[in-house]
Amino acid sequence: AQSVAQPEDQVNVAEGNPLTVKCTYSVSGNPYLFWYVQYPNRGLQFLLKYITGDNLVKGSYGFEAEFNKSQTSFHLKKPSALVSDSALYFCAVRDRGGNKLVFGAGTILRVKS
Amino acid sequence: DGGITQSPKYLFRKEGQNVTLSCEQNLNHDAMYWYRQDPGQGLRLIYYSQIVNDFQKGDIAEGYSVSREKKESFPLTVTSAQKNPTAFYLCASTRGGPHHQPQHFGDGTRLSIL
């Protein structure tokens with residue numbers, strides 16, 4: 001069965017600094033990997049996904065993620081954080097034959113000015 | 001604008017009462033999903049439907065029921081058998097086909113016990 005771990009409950013970063021939100025996964029075979037963002041009392045918004053190919057995936061709002069097969073990781077990154085990036089971030093994995101998307105517990109990102 | 005509409009935004013349930021949460025999409029998506037979100041636990045899958053008149057249990061289906069009579073609608077009923085219903089409920093949909101299609105989410109219904 002697939003699983004996702006987001007080892008940090010919260011990440012704090014100063015505005016203008018680079019940010020990283022960590023995600024590791026476990027799945028049989030090759031995964032599809034996703035990042036979503038959630039603002040208070042709203043649904044999840046899709047940021048980016050990894051299907052195959054280039055290990056660096058670019059997404060919405062300047063976010064990118066790096067797929068590392070040997071470390072089974074898919075960390076979310078942004079070169080320069082904005083206060084408006086403060087939100088709850090979810091990593092999710094789906095195995096290629098499965099019907100279900102499995103989510104991590106989420107990481108709160110706080111960007112301070 | 002295409003999207004997913006969940007209603008109501010807030011819902012209160014009395015002891016022994018069944019309540020129904022609405023989810024409607026105009027994206028022409030084939031698959032629809034219901035998730036439950038509790039603080040610190042991420043999203044857990046309740047039910048999903050890949051086609052009209054068919055649905056499957058997710059990981060936490062006990063105490064819930066669904067129907068899929070129309071492509072655009074996937075209502076969730078929280079029955080009195082669900083003893084801890086207080087949570088944020090999210091509906092999502094996705095196109096059929098490859099499993100790398102991202103899911104689109106509604107803005108949720110927050111259910112509380114009276």
Side-chain angles (χ1 to χ4, degrees), chain A residues 1-10 21 23-25 27-53 57 59-60 63 65 67 74 87-108, chain B residues 3-10 21 23-25 27 29-51 54-61 87-112:
Chain A
Q2 60 257 45
S3 65
V4 175
Q6 294 183 239
E8 301 152 317
D9 291 337
Q10 184 166 319
V21 182
C23 171
T24 58
Y25 67 90
V27 69
S28 56
N30 294 316
Y32 295 130
L33 293 156
F34 303 81
W35 276 102
Y36 290 84
V37 61
Q38 184 181 35
Y39 297 97
N41 294 311
R42 301 295 302 274
L44 277 64
Q45 295 177 34
F46 168 71
L47 281 178
L48 52 81
K49 66 180 178 183
Y50 171 81
I51 306 173
T52 188
V57 178
S60 306
F63 283 95
F67 173 66
F74 189 56
L88 180 58
Y89 289 80
F90 289 100
C91 181
V93 67
R94 189 171 191 172
D95 72 61
R96 295 189 177 219
N99 296 320
K100 300 182 197 176
L101 193 59
V102 174
F103 289 85
T107 298
I108 297 169
Chain B
I4 300 178
T5 301
Q6 291 188 242
S7 61
K9 195 165 179 66
Y10 299 96
L21 284 60
C23 177
E24 304 277 332
Q25 55 100 357
L27 299 165
H29 283 175
D30 294 306
M32 297 185 75
Y33 307 81
W34 274 106
Y35 293 94
R36 171 177 170 141
Q37 184 177 12
D38 295 281
Q41 293 194 45
L43 276 67
R44 293 183 289 168
L45 183 64
I46 306 172
Y47 269 97
Y48 64 102
S49 167
Q50 294 180 288
I51 196 169
D54 189 42
F55 48 83
Q56 286 79 39
K57 293 182 179 180
D59 300 316
I60 57 164
F88 190 50
Y89 290 86
L90 288 163
C91 179
S93 71
T94 189
R95 273 187 264 169
H99 289 168
H100 57 72
Q101 299 290 347
Q103 292 185 4
H104 296 251
F105 285 80
D107 277 339
T109 293
R110 192 168 296 280
L111 176 62
S112 303

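Convention: sequence-line order gives letters A, B, ...; per-chain numbering from 1. No experiment lies behind these values; they were computed from the predicted model shown.
With a 4.5 angstrom heavy-atom cutoff, B/Leu45 touches chain A only via side-chain atoms. In this structure, chain B has heavy atoms under 4.5 Å from both the backbone and the side chain of A/Leu44. Residue B/Gln56 does not touch chain A at all, counting heavy-atom pairs closer than 4.5 Å. There is no contact between A/Asp9 and chain B, counting heavy-atom distances below 4.5 Å. Proximity to chain B is absent for every atom of A/Leu33, based on heavy atoms less than 4.5 angstrom apart. Neither the backbone nor the side chain of B/Gln6 comes within less than 4.5 Å of any heavy atom in chain A. Of the two parts of A/Gln38, only the side chain, counted from C-beta on, holds a non-hydrogen atom closer than 4.5 Å to a non-hydrogen atom of chain B.
Of all the listed residues (B/Gly58, B/Ala31, B/Pro102), the one sharing the greatest number of non-hydrogen pairs under 4.5 Å with chain A is B/Pro102.
Counting non-hydrogen atoms of neighbouring residues, nucleotides and ligands closer than 6.0 angstrom, the CD1 atom of B/Ile51 reaches no more than 12 such neighbours. By the neighbour-count criterion of 12 heavy atoms within 6.0 Å, atom CZ of A/Arg42 is sparsely surrounded, having that number or fewer from other residues, nucleotides or ligands.
Between A/Phe67 and A/Tyr50, the ring planes lie parallel to each other; the angle is under 30°, not in the 30° to 60° tilted range.
Among residues two or more places apart in sequence or in another chain, the salt bridge (charged side-chain N to carboxylate O under 4.0 Å, His left out) test is passed with B/Asp38 by B/Arg36, B/Arg44.
Between A/Phe103 and B/Tyr35, a ring centre-to-centre spacing shorter than 6.0 Å is recorded. Taking the six-membered ring for Trp and the full ring otherwise, the centers of B/Phe105 and A/Tyr36 sit less than 6.0 Å from each other.
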